[in-house]
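Working notes for the structure below.
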Amino acid sequence: MIQGAVNRPVLTAVGFIILVLLGIFGWSNLPVSMYPDITLPTLMVMAEYRGASALDVEEEISKVLEEALGNVSNLQTIKSDSRENISIISLEFEYGTNLDEAANDVRDALGFAFLPDDAGDPTLIKISGSMAPVIGFTASTENPGIDIKSILEDKVLDELSRVPGVGSASYWGGGFERQINIDISQVKLEQLGVSILQVTQVLEANNLNFPIGQLEQGGIEYNLRLPAKFENLEEIEKVVVGNNDGKLVELRDISTVSWGVGEKDGYFRRNGQDAAMFGIFKKTGANTVEVAKSVKKRVEVLGKRYPGLNFEVIFDLSEIVEDSISNLVNTITIAIILVLLVSFLLLGNIRASIIIAVAIPVSLIISFIYLYLSDSSLNIISLSAIAIAVGMVVDNAVVVLENVFRHRESGETRKEAAIFGAQEVSQAILASTITTIVIFLPLMLTRGLVAVMFKELAITMPLMLTVSFVTAITLAPMLSSRFLKMKKEEDFSDRFFGRLESGYSGMLDWALSHKGKLLGIFILIFIIGMFLFTFVPMDFFPNPGSDQLQANIELPIGTRVEKTDEMAKRIEKLIWKEVPETKSITVQAGGTGDIFGGSKGSHWITLYSTIGETEKSKFQIADELNKKVGEIPGIKRVKFSVMGGMFGGDDEGVFGGAPIEVEIIGADLEAADSLAEVFREKLVAVEGISSVEISRKKGGRELWLDPRGSEMYSYGFSAYSVGSQLRTAFYGTEIGKFSEEGVEYPIVVRLDDASRNSFATIDNLQLVSLYGMPVHISNFLEPVEKRASLSVERKNKERMVKLKISVSAPLGVVMKEVKKVVDSFVIPKGLTINYAGQVEQQGETFNSLIFAILLGIILVYLVMAAQFESFFDPFIIMFSIPFAFVGVSLAYWVSFQSMSLMGMVGIAMLVGVVVNNAIVMIDYFNILRKRGIGLIEAVKTGAKRRLRPILMTTGTTVFGLMPLALSTGSGSTLWKSLGISVVGGMIVSSFITLLLIPTLYTIFESKLKRRLSK
């Protein structure tokens, strides 16, 4: 191959030009996202049950769904979260499960879930990265007559959902729903002898367009129809709903009929102005940045179409993506410049540096072809792979060019030097390339989050390294045979390496003369390095940060929504005062709903704030606001956090949940709640914990109307008939629609405010039994005051309460302290403790990576054994790996950084990278010995001659990754750890290898092999 590439330069050039053109095409058509499109093995089922408490939802919805779904194939864990109005079932499957097949099984199982008639149909959702909204908007108006909610739901969201790349557009809250309210007086009902059931039945029967049939006359067929739908409020008021002593009772005699709005349980504002909120979700695989740009353009058009509405962006994740990707691209650019600069300084030849410069894009371009063909995207992971590869793809070309130089210096022609120089080191660079490639195989074989997150890296890195090898043995020799010229006189590079080789020779002589001392020193270094690992804090997936803050603020349970709104306004003023760089504040006061449609309650405040350029970091601002807002009397809990983390960073993420979750599992609600409260009191004092939230909270006061024995049934009532009539009275029932200008509005029947908010109604309200007689509910129902739970969680069909812990320190450090606190208590009988959240995901992921590292070490050894046709030489080379770990621990200890998931991936990569220098060195030792040179002379000569290529490959790799390790811009926390691991491991391992490997080679060849041969 080498000779063919040199002898046919045009063919070689054309082949690589085609590769580059294909890569440019792939790059130009790649979508841009923050992370790879991730579909975790999780399905979610949601079912609404409006007006129901959490306990009712648990009993009537969650348990029924759990029973129906519990036997679905490959189901690992089933969780339920029963909230007011909604049940959320989470189904976690084993990794590798085909989710399409699992979804079909779930749909089949749902067919056997028999829910109450007034419950909504269950909705099935796949959990993926596209579940997070790309961009959120508010719509506000100064005109109180504009129905924001109707315009959004009926027109705006429908149009935005048709924007290319948009998966869905969702209304989240705010505004109001226009409707006709029929407010009935309970006093007049009793005075005129009319029941609320009678009213609803009459109204439903009178608001109809009734098809009657056909009539034929004179050969013409007429369709008969009774148009009896209400056309104005007066018609509704005049409907006869009863008879009192021979006098007809009209609806207006017992009620008021008027235009109004639905029950307002919360407030939504943008910079002090009433608003509604909606969000945009992208399709899987769509370009995050392009989708956001297209949506913003369409919103501008809609703003002109509806001049009374003012649309503003609350948060825009595409800006975080753009900033992070731009920062990483700049980091890669700096890395390429540094690699070229280092190559020039070490080679001292501008033409050789140009050849290396050509090798970089040619090797990297293959990644874009793969990403395009696999429908992937440009994201933090795929670009991190490219950033890592920048310094590695030139290593093979550097080794080839350095050897070509040596052949040219010995008097060979350019063509001969190019062919023979490349051939001489081809086996060595093939071995080093394969050992580096093979380390990525375990990443593809592992299961879990590692396989999902790092699939692109595990495939693109081997592809780039393979192309770099092909480039080194084809393109580099071809260009060398055509353009490489020898230096006419000694330059700085030659003088520098001359002195370096002289000093290295002296050190090597001492090492070979004092083998025992040298090994003792290195053993001590290894022990110290491993000891330093105990001081390295462990983290999971750092929050890349953004200029947007999110806050969840809790007031005492039972706080009226009007009081909650007053507190929200006070907090808004505080933020404007304390953070003058604030650009905007969007606030939700009360339970207007969240992303899943459930209600947090009237005592919750959710706030989004965009902050401009400040001297402080956004994380510092969030911490300061936590303290300031927390000092306000009446605040029960406050949590400001920086938006941007997929796995949550310091708060809850899309997939990982809270950083640490302590699960207390058991049927006894009171015992579990009591233990959770005890844990919370101890944990809030732990350093590194910023907040502790108990997932199950006592709700507001409830009035349970308990049936007295069999009295309810003796009056001819069923539970359903009583419940449905009471629901109409206090919650309201929609009896039909009213059309106006083509828009349909609900007609809702309920008691008026005075009746609904009076205890006297409980005593005096009359219901109609199955026998048709009115009965006061006080005759058979007993009011009992209780406190309900806002939510009831279950795991594998057992009740559970969680402590959700947010952290301000590395996850691993805080987790140790949490376990100490929990272990100090005696757990009551019937309760068990589990740990979950991001820390559980971290443990599983890190265990997978440790398995990948161990498997990688074995594979690297076996591959080298096959290439060297020896088990001894690879065994010597493997001693490079432990000192890479020493370099990693030292790098983190010196930099005061925590090791994240990306750092662990860096360690896995080091296993295949750090052996390359030893491979090149030992391969050359063997070549020299085959030429008849003695052991000691071969070791000294070979080590000296391989010093320059080793330092050059180490230098290019280290300087190529240095920008990653030192980067500080947007998103840098995601890849910083990876750079620190590889740079630290490469530096320490490479320099120790220069002395350790020759020493061990000498010991093995002179003593062990001789003994075995005897």
Q | Ser758 versus Ser755, side-chain donor and acceptor atoms under 3.5 Å | A | no
Q) Are the side chains of Val775 and Phe717 in touch, meaning some heavy atoms are under 4.5 Å apart? A) yes
**Q.** Check: Ser255 side chain, Arg252 main-chain N or O, donor-acceptor pair, under 3.5 Å
**A.** no
Q) Between Ile254 and Val241, is a side chain to side chain contact (heavy atoms under 4.5 Å, CB included) present by the stated rule, with each step listed? A) CA-CA 9 Å; Ile254 59 171; Val241 295; 4.0 Å; yes
Q. Can you name the nearest heavy-atom pair linking Leu65 to Ala47, along with the distance?
A. CD1-CB, 4.3 Å
Q.
Set out, in order, the CA-CA distance, both residues' side-chain angles and the distance that settles side chain to side chain contact (heavy atoms under 4.5 Å, CB included) for Asp105 and Asn74, then state yes or no.
A. CA-CA 10 Å; Asp105 292 342; Asn74 298 319; over 6 Å; no
Q. Quick check: are there more than 12 heavy atoms from other residues, nucleotides or ligands sitting under 6.0 Å from CD of Glu711?
A. yes
Q: Enter the distance from Gln186:CD to Glu190:CD here, rounded to the nearest 0.5 Å.
A: 5.5 Å
Q) Going by atom types only, do Glu92 and Thr42 share a side-chain donor-acceptor pair under 3.5 Å? A) no
Q. Less than 4.5 Å apart, any side-chain heavy atom of Ile664 and any of Phe679?
A. yes
Q: Check whether any side-chain heavy atom of Ile777 lies under 4.5 Å from a side-chain heavy atom of Gln766, and answer yes or no.
A: no
Q. Under the 3.5 angstrom rule, does the side chain of Asn796 hit a backbone N or O of Ile78 as a donor-acceptor pair?
A. yes
Q) side chain to side chain contact (heavy atoms under 4.5 Å, CB included) between Ile61 and Asp56: does it pass, once the steps are laid out? A) CA-CA 8 Å; Ile61 307 295; Asp56 291 334; over 6 Å; no
Q) So how far is it from Ser90 OG to Met46 CE, rounded to the nearest 0.5 Å? A) 11.5 Å
Q) Does NZ or CZ of Arg178 come closer than 6.0 Å to the centre of the six-membered ring of Tyr745, within 45° of the ring's axis? A) yes
(Q) Are there over 12 heavy-atom neighbours, none belonging to Lys797, within less than 6.0 Å of that residue's NZ? (A) yes
Q.
Taking Tyr720's backbone N and O only, do any of them form a donor-acceptor pair with Ser724's side chain (distance below 3.5 Å, no angle check)?
A. yes
**Q.** Pair Glu677 + Arg680: basic N to acidic O under 4.0 Å
**A.** yes
(Q) As a quick check of understanding, evaluate salt bridge (charged side-chain N to carboxylate O under 4.0 Å, His left out) for Glu693 and Arg637, giving each step before the final call. (A) CA-CA 8 Å; Glu693 178 189 355; Arg637 174 184 176 268; 3.1 Å; yes
Q. Any side-chain heavy atom of Ile833 within less than 4.5 Å of one from Leu675?
A. yes
(Q) How close do Ile89 and Ser80 get, counting heavy atoms only, and between which atoms? (A) CD1-CB, 3.4 Å
Q.
Taking the basic N atoms (NZ, or NE/NH1/NH2) and the acidic carboxylate oxygens, is any pair closer than 4.0 Å for Glu793 and Lys802?
A. yes
**Q.** Derivation of the side chain to side chain contact (heavy atoms under 4.5 Å, CB included) call for Leu555 and Lys636
**A.** CA-CA 5 Å; Leu555 306 184; Lys636 189 175 179 182; 5.8 Å; no
Q: Please report the shortest heavy-atom distance between Ser87 and Val57, naming the atom on each side.
A: CB-CG1, 3.6 Å
(Q) Please determine whether a side-chain nitrogen of the Lys or Arg among Asp565 and Arg269 lies less than 4.0 Å from a carboxylate oxygen of the Asp or Glu. (A) yes
**Q.** Candidate list Val748, Thr733, Ile747, test side chain to side chain contact (heavy atoms under 4.5 Å, CB included), partner Ile182, passing option
**A.** Ile747
Q: Calculate, to the nearest 0.5 Å, the distance between atoms CD and CG belonging to Glu153 and Asp158 respectively.
A: 11.5 Å
Q. Hey, does Glu48 have a side-chain heavy atom less than 4.5 Å from the side chain of Asn85?
A. no
Q) Considering residues, nucleotides and ligands other than Asn209, do more than 12 of their heavy atoms fall under 6.0 Å from its CG? A) yes
Q | Salt-bridge present (Glu798, Arg794; N to O < 4.0 Å) | A | no
Q: Would you check if the side chain of Asn206 reaches a backbone N or O of Val202 as a donor-acceptor pair within less than 3.5 Å?
A: yes
Q) Between atom CZ of Phe93 and atom CG of Asn98, what is the distance when rounded to the nearest 0.5 Å? A) 10.5 Å
Q. Using a distance-only test with no angle check, is there a side-chain donor-acceptor pair under 3.5 angstrom linking Ser168 and Ser161?
A. no
Q. Sub-3.5 Å donor-acceptor pair from the side chain of Asn764 to the main-chain atoms of Ala760, do we have one?
A. yes
Q | Asp253 and Lys188 ion-paired at < 4.0 Å | A | no
Q. Do Glu782 and Arg708 sit within salt-bridge range, that is, some charged N less than 4.0 Å from a carboxylate O?
A. yes
Q: Might you point out which heavy atoms bring Pro556 and His603 nearest each other, and give the distance in Å?
A: O-CB, 3.4 Å
**Q.** Side-chain donor/acceptor of Gln725 to backbone N/O of Val722, under 3.5 Å
**A.** no
**Q.** Gap between atom CD of Glu740 and atom CG of Asn232 - 0.5 Å precision
**A.** 10.5 Å
Q: Report yes if the side chains of Pro116 and Tyr49 come closer than 4.5 Å at any heavy-atom pair, otherwise no.
A: yes
Q: Look at the side chain of Ser718 and the backbone N and O of Ser721, then say whether any donor-acceptor pair between them is shorter than 3.5 Å.
A: yes
Q.
Please determine whether the number of non-hydrogen atoms from other residues, nucleotides or ligands lying under 6.0 Å from atom NZ of Lys563 exceeds 12.
A. no
Q: Determine whether Thr564 and Trp604 make a side-chain contact, defined as any pair of heavy atoms from C-beta on separated by less than 4.5 Å.
A: no
Q) So, for Leu233 and Ser258, which heavy atoms are closest and what is the spacing to 0.1 Å? A) CD1-CA, 4.2 Å
Q: For the pair Asp668 (side chain) and Ala671 (backbone), establish whether a donor and an acceptor sit closer than 3.5 Å, ignoring hydrogens and angles.
A: yes
Q.
Can you confirm whether Leu91 sits close enough to Val72 that some side-chain heavy atom of one is under 4.5 Å from a side-chain heavy atom of the other?
A. no
Q | Side-chain ion pair, Asp81 and Arg83, N-O less than 4.0 Å | A | yes
**Q.** Salt bridge present between Glu59 and Lys63 (N-O < 4.0 angstrom)
**A.** yes
Q: Count the heavy atoms of every other residue, nucleotide or ligand shown that sit under 6.0 Å from CD of Glu744, and state whether that count exceeds 12.
A: yes
**Q.** Asn181 versus Gly260, closest heavy-atom pair with distance
**A.** ND2-CA, 3.7 Å
**Q.** Atom pair OG1 (Thr123) and CE (Met44), whose distance is rounded to the nearest 0.5 Å
**A.** 11.5 Å
(Q) Tell me whether Asn244 contacts the main-chain N or O of Gly193 through its side chain, where contact means a donor paired with an acceptor under 3.5 Å. (A) no
